[in-house]
Amino acid sequence: MTNVRVRFAPSPTGSTHIGTARTALFNWLYARHTGGVFVLRIEDTDKERNTQKALDELIQGLKWLGIDWDEGPGTEDEYGPYFQSQRNDIYASYLKKLEDAGRTYEKEGAIYFKLEGERYTEFDQYVGAEIEKVKTQPVVIDDLIRGKVTRREERDFVLQRSNGDPSFHFVNVVDDIAMKITHVIRGEDHLSNTSKHVELFNAFGFEPPKFAHLPMILKSPKDGKGKMSKRDKGALIAEYRERDFLPEAVRNFIALLGWSPKDDQEVLSIAELVERFSLDGVQKGGARFDEKKMAHINFEYMKAMPIEAYTRSASSALRKTKLINDDTNQDYLASCLKICQAKIDSFENLPGFASYFFSEDYPINEKAESKVFKKGDAITRIQEITPVLESLEDWSEATLETAFNQLAEKLAAKPFAWFPVVRFAVSGTNSGPDFLPMLKILGKKRVLARLKNTEEKYA
RNA sequence: GUCCCGUUCGUCUAGUCAGGUUUAGGACGCAUGGAUUUCAUCCAUGAAACAGAGGUUCGAAUCCUUUACGGGACGCCA
């Protein structure tokens with residue numbers, strides 16, 4: 001099984017889509033699992049639409065997800081170059097083979113592939129005109145995921161455009177031959193192209209590679225119907241990076257989109273993914289994208305992070321909103337993050353969750369506000385607790401706990417009679433990290449000041 | 001319109017290829033309750049699916065046929 005050669009062949013024409021990333025990942029996993037070779041080939045034959053920006057983003061996205069390539073841009077070996085725009089002489093020589101075999105013809109400046117079979121003309125509903133068709137023999141594709149698929153190609157197609165550039169179907173097959181690709185793993189949207197490709201392999205006299213067509217990633221129901229498009233939320237890999245999702249979580253999540261390890265394990269490290277990946281586990285039907293599940297997986301990874309790594313990632317999100325800067329005390333930051341870590345499922349929510357640790361200008365949650373003041377005794381509670389906290393010499397979780405308990409006992413109440421009020425007073429909301437540790441970290445001075453502010457504001 | 005592919009809880013899926021061990025399992029989400037103390041956390045419990053119809057069989061989520069629905073392709077785009 002070590003002769004496996006797979007390729008990921010994107011065209012850099014726009015932002016990298018989650019489906020593109022998944023195709024890359026599945027090819028990569030298959031190569032790593034089988035001990036084969038993963039080739040990155042850039043299909044940039046469309047000069048009009050290719051951009052350097054899209055290419056940079058693609059490369060960056062692959063690296064972010066931990067996908068490296070054995071052959072591709074930057075590697076020197078017998079199969080390169082890996083930009084199709086640099087392989088024109090190879091295409092020319094392959095085109096000549098077809099010309100010599102009498103399998104091409106020219107029409108309006110373009111070179112067409114000539115199918116074999118009886119020709120006839122017919123009005124085509126879709127094209128809306130009378131066109132020439134060919135009664136070809138059906139092509140059987142033995143797909144590793146969906147079994148035998150029979151399809152018949154009935155129209156000649158373009159190999160070389162009138163501007164001299166080779167077409168996708170042509171270069172795709174030529175390069176798969178030239179690069180000795182053994183398995184073509186790609187999206188189901190290519191399934192109906194495959195008969196064209198098999199026709200070409202046959203015309204060149206080469207055995208086609210094994211095909212495996214992956215199910216589509218569909219829109220989440222609230223975004224409508226059909227396959228996920230670049231405009232849907234969560235569709236772009238760059239978006240996850242910008243929103244400070246963890247790459248290992250994104251990778252884990254997209255691996256689960258259309259593939260299953262067949263047991264109940266969902267959190268899989270990259271090593272486990274490589275070890276367990278198999279085309280058998282790939283689903284046939286389309287998978288609908290679910291951002292809640294994505295967030296959940298991200299949360300699992302966030303919880304498992306060592307505090308140092310957590311602090312590093314969190315800092316990035318906090319800096320974006322200017323809540324922290326180079327002067328921020330790292331020990332203080334770490335202690336704040338430590339009590340937040342097990343509470344929120346994405347770093348992008350961190351600023352909203354924890355701003356009061358870093359700024360006096362934190363938002364007031366109106367729902368929490370009305371809830372806290374509904375009973376009408378909130379100010380009294382603040383007036384009761386303030387002197388108790390003021391008198392505290394040692395500001396630790398233990399002394400805070402004792403203080404609340406003693407006050408509660410004295411007034412024949414439960415400590416939680418004060419908790420929500422105090423929490424709101426010091427943080428502007430009714431939820432957050434564990435209460436006592438939060439007070440400790442905020443410190444006596446700040447807690448008392450905020451209690452005082454609240455008392456004056458709402459009195 | 002033509003061709004191809006698909007269809008298990010709202011969603012991701014296990015079970016389907018080798019029909020009986022299934023009161024169809026897990027996860028996300030949702031609901032309810034609990035966690036001396038808040039909570040977006042944790043725990044427990046619950047609601048929730050084999051698309052429909054025929055057939056084959058002692059027996060079908062699993063095999064066959066068919067209908068419906070969903071998806072994809074049909075470019076001198078990739």
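The figures here come from the full heavy-atom set of this structure, side chains too, leaving out hydrogens, waters and symmetry mates. Since this is a predicted model, take the numbers as computed values, not measurements. Sequence lines set the chain letters: A, B, ... in the order given, protein chains first and strands last, and positions in each chain run from 1.
Pairing for B:C69 goes to B:G6, judged as Watson-Crick or G-U wobble with the two contacts each under 3.5 Å. With a cut-off of 3.5 Å on both pairing distances, the Watson-Crick or G-U wobble partner of B:G20 is B:C58. Applying the Watson-Crick and G-U wobble criteria (two distances, each under 3.5 Å), B:A35 pairs with B:U41. The partner of B:G29, taking Watson-Crick or G-U wobble pairs whose two distances both stay under 3.5 Å, does not exist in any strand shown. In this entry B:C50 has no Watson-Crick or G-U wobble partner, no candidate having both defining distances under 3.5 Å.
With both ends at atom P, the span from B:G55 to B:A18 equals 25 Å, rounded to whole Å. Nucleotides B:U67 and B:U32, compared at atom C1', are 41 Å apart to the nearest Å. B:G46 sits 14 Å from B:G29 when the C1' atoms are compared, rounded to a whole Å. Annotation: B:A68 and B:A51 have their C1' atoms spaced 8 Å apart (nearest Å). Taking the C1' atom of each, B:U8 and B:G15 are spaced 9 Å apart, rounded to whole Å. Only the P atoms considered, B:G6 is 15 Å distant from B:U13, to the nearest whole Å. Taking atom C1' on both nucleotides, B:C9 is separated from B:A31 by 15 Å, rounded to a whole Å.
In summary, the side chains of A:Y91 and A:Q160 do not present any donor paired with an acceptor at a separation below 3.5 Å, with no hydrogens or angles considered.
Distance A:I141 CD1 to B:C3 C1': 12 Å, rounded to the nearest Å. Taking atom CD of residue A:E266 and atom P of nucleotide B:G29, one finds them 11 Å apart after rounding to whole Å. One can place CG of A:D124 at 8 Å from C1' of B:G1, the figure rounded to the nearest angstrom. At whole-Å resolution of the value, CD1 in A:I297 and C1' in B:A27 are 8 Å apart. As rounded to whole Å, 19 Å separates atom P of B:U11 from atom NZ of A:K233. Between the P atom of B:C30 and the CG atom of A:D290 lies a distance of 11 Å, rounded to the nearest Å. One atom, CG of A:N252, and another, P of B:C12, lie 17 Å apart when rounded to the nearest Å.
Across all strands, A:F123 comes closer than 4.0 Å to no nucleic acid atom at all (heavy-atom distances). Among the atoms of the strands shown, base atoms are found under 4.0 Å from some heavy atom of A:L436. Within the 4.0 angstrom heavy-atom criterion, only backbone atoms of the sugar-phosphate kind lie near A:G285; the bases stay farther away. When heavy atoms are screened at a 4.0 angstrom cut-off, A:F404 is found touching no nucleic acid atom at all. Nucleic acid contact class of A:D434 (heavy atoms, under 4.0 Å, all strands): base. Within the 4.0 angstrom heavy-atom criterion, only backbone atoms of the sugar-phosphate kind lie near A:T150; the bases stay farther away. Base contact: A:P433 has a heavy atom under 4.0 Å from a base atom. Within 4.0 Å (heavy atoms only), A:K343 reaches at least one base atom of the nucleic acid.
Within the 4.0 Å cut-off from OP1 or OP2 of B:U7, not a single side-chain nitrogen or oxygen of A:K284 is found. Distances shown here put a side-chain N or O of A:K303 below 4.0 Å from the OP1 or OP2 atom of B:C42. Close to B:A14, at under 4.0 Å from its OP1 or OP2, lies a side-chain N or O of A:Q283.
A cation-pi contact links A:R22 to A:F26, judged by a cut-off of 6.0 Å to the six-membered ring centre and 45° from its axis. Because its NZ or CZ atom is both nearer than 6.0 Å to the ring centre of A:F299 and within 45° of the ring axis, A:K303 counts as a cation-pi partner of that residue.
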As a quick check of understanding, evaluate ring pair (Phe, Tyr, Trp, His ring centres under 6.0 Å) for A:Y301 and A:F245, giving each step before the final call. CA-CA 10 Å; A:Y301 279 84; A:F245 275 79; over 10 Å; no

Before you tell me yes or no, could you show the steps for A:F8 and A:Y30 under ring pair (Phe, Tyr, Trp, His ring centres under 6.0 Å), namely the whole-Å CA-CA distance, both residues' side-chain angles and the distance that decides it to 0.1 Å? CA-CA 11 Å; A:F8 169 57; A:Y30 191 71; over 10 Å; no

With sugar-phosphate taken as primed atoms, P, OP1 and OP2 and all else as base, the protein-contact string of nucleotides 70-78 of chain B at under 4.0 Å (heavy atoms; B, S, -) is SBSSBSBBB

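Aromatic pair A:W418/A:F404: centroids not less than 6.0 angstrom apart.
A donor-acceptor pair is defined here as one N or O able to donate and one able to accept, closer than 3.5 Å; such a pair exists between the side chain of A:R251 and the backbone of A:L65.
Atom CD of A:E366 has 12 or fewer heavy atoms from other residues, nucleotides or ligands within 6.0 Å.
A salt bridge between A:D244 and A:K320 is present, with a side-chain N of the basic residue lying under 4.0 Å from a carboxylate O of the acidic one. Between A:K293 and A:E266 there is a salt bridge, since a side-chain N of the basic residue sits under 4.0 Å from a carboxylate O of the acidic one.
Where A:G352 and A:G281 meet RNA chain B, the nucleotide closest to each residue was compared, and A:G281 sits on the side nearer the 5' end. Map A:G258 and A:K148 each onto its nearest nucleotide of RNA chain B; the residue landing nearer the 5' end is A:K148.
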